[in-house]
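Below: one structure, written as structure tokens.
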Amino acid sequence: MQKIINSQVLVTGGAGFIGSNLCETLLAQGNEVVCLDNFATGKKENIVHLLDNKHFRLIEGDICSSEDCKKAVQQIDYVLHQAALGSVPRSIKNPMATNEVNVGGFVNILHASAEAKVKRFVYASSSSVYGDYPHLPKIEHLTGNLLSPYAVSKYANELYAQVFSTLYPIQCIGLRYFNVYGKNQHPEGEYSAVIPRFIRQLIRNESPVMFGNGEQSRDFTYIEDVIQANQLAALASSEKAVNQVYNVAYSGRTSLNELYKLLVELLANFDEKITRIVPTYAATRAGDVKHSFASIEKARELLGYQPTHSIAQGLKNTIDWYWQVLK
Ligand SMILES: NC(=O)c1ccc[n+]([C@@H]2O[C@H](COP(=O)([O-])OP(=O)(O)OC[C@H]3O[C@@H](n4cnc5c(N)ncnc54)[C@H](O)[C@@H]3O)[C@@H](O)[C@H]2O)c1
């Protein structure tokens, strides 16, 4: 697999879940890494072990500030743009904040990157752009009606990237992540994702809340596969591969009930009592899609993407990490 080496890489949102994992891998591969983050949702503890590394530079700043963006893109080869306000429910509660950061901030960093003539701008899009499109698996060019302000913001990113690539000397690749999980994902708070939330509640012997009947399905994607996709997107050299969007997933279907069972099985190795916990079912949440399952043929063909972690493999690593951190 192609890896980014000997380069200057900007990771926006580098103190967040995905960003901090990217920073760590890129440093281990011998790059100079700049992290731009305002700690809106990111955590110092995700990057504290990187702060003494002389190849790592933290810029505590905001993608909504042109000044901060200009500073961050100086001498940069590749931008891996992760900074955003995640979560569908958050965007329904406060659509203005989601728009300001995810759209306004996106245009800011994209513009600064174009001006600085970076080699490639890779950005995090989302499976939410498929909205209510009913057919599975999801294929990049077939999308439905969007279901949340968050989805609108991610779709706007794709439109801006496309327009910028025709107007400015910049090459962009959008990665539509599908339910990413792994170490450093924040397990607390009302906007936490389902895997860290379930793990936290089970470890604390609480009953996890399942929205809906648990039969909704997701294509859970392990963090290492997301890191792989970012590197391939940054380095892809064929003309056909650039200025495109790609699904980034494992390409598997797991219902929330199946996920729950898997988590209980794995966690029972640490604490047998967990097998006796039963989930609490609650009303479906507004804006949630029913099923999410990706075709990854496009990324396979044009980027050489090959996911390596099934849900069972990825969860095992993830649980080992959470058990140490939360116990
Ligand atoms: N985790 C997933 O399953 C998933 C799925 C689809 C898309 N995504 C996208 O991937 C990206 C990373 O997600 P994540 O799960 O790591 O989320 P995260 O919340 O852990 O990370 C986002 C980071 O962006 C930073 N940030 C937010 N606003 C900022 C601003 N104005 N200026 C600078 N930094 C700012 C936060 O402090 C945080 O460190 C996001 O764009 C998200 O929308 C994630």
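Numbering of ligands and ligand atoms starts at 1, following listing order. Since this is a predicted model, take the numbers as computed values, not measurements.
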Among protein heavy atoms, which lies nearest [atom], and at what distance?
atom	value
atom 27 (C) of ligand 1	A84 O, 3.5 Å
atom 3 (O) of ligand 1	V180 N, 2.8 Å
atom 39 (O) of ligand 1	D37 OD2, 2.5 Å
atom 32 (N) of ligand 1	I63 N, 3.0 Å
atom 11 (C) of ligand 1	Q82 O, 3.1 Å
atom 29 (C) of ligand 1	N38 OD1, 3.2 Å
atom 21 (O) of ligand 1	G16 CA, 3.5 Å
atom 36 (C) of ligand 1	T41 OG1, 3.2 Å

Would you compute the distance between atom [atom1] of [X] and atom [atom2] of [Y] and round it to the nearest 0.5 angstrom?
X	Y	atom1	atom2	result
L303	Q231	CG	CD	12.5 Å
L159	K154	CG	NZ	13.5 Å
I199	I319	CD1	CD1	4.5 Å

Measuring to protein heavy atoms, does anything land under 4.0 Å from atom 17 (O) of ligand 1? no

Between the side chain of [X] and the main-chain N/O of [Y], is any donor-acceptor distance below 3.5 Å?
X	Y	result
R218	K290	yes
S153	Y150	yes
T12	Q82	yes
N108	I63	yes
D219	R253	no
N38	G61	no

L235-L27 co-clustered via ILVMFWY side chain contacts under 4.5 Å: yes

At under 4.0 Å between heavy atoms, which part of V101 makes contact with ligand 1: side chain, backbone, both or neither? side chain

Sidechain N-carboxylate O distance under 4.0 Å for K261, E258: no

Under 4.0 Å from a heavy atom of [X]: give me the atoms of ligand 1 that qualify, with their elements.
X	answer
D62	30 (C), 31 (N), 32 (N)
G61	32 (N), 33 (C)
G42	36 (C), 37 (O), 38 (C), 39 (O)
K154	40 (C), 41 (O), 42 (C), 43 (O)
F39	37 (O)
S125	6 (C), 7 (C)
N179	3 (O)
G13	23 (C), 24 (O), 25 (C), 39 (O)

Give a yes/no on ligand 1: does [X] have at least one heavy atom closer than 4.0 angstrom to it?
X	value
A15	yes
Y150	yes
H81	no

Contact check: [X] vs ligand 1, nitrogen or oxygen atoms, below 3.5 angstrom:
X	value
I18	yes
A40	yes
F17	yes

Heavy atoms, side chains only, cut-off 4.5 Å: are Y222 and T318 in contact? yes

All pairs passing side chain to side chain donor-acceptor pair (under 3.5 Å) where residues 121-133 contributes a residue, at least two apart: S125-E158, S126-S128, Y130-R176, Y130-N247, D132-N145

Just by distance, no angles: are the side chains of D225 and T308 close enough, under 3.5 Å, to form a donor-acceptor pair? yes

Can you list the residues that meet the side chain to side chain donor-acceptor pair (under 3.5 Å) rule with Q75, with sequence neighbours excluded? none

For atom 5 (C) of ligand 1, tell me which residue out of Y177, Y181, F220 has the closest non-hydrogen atom. Y177

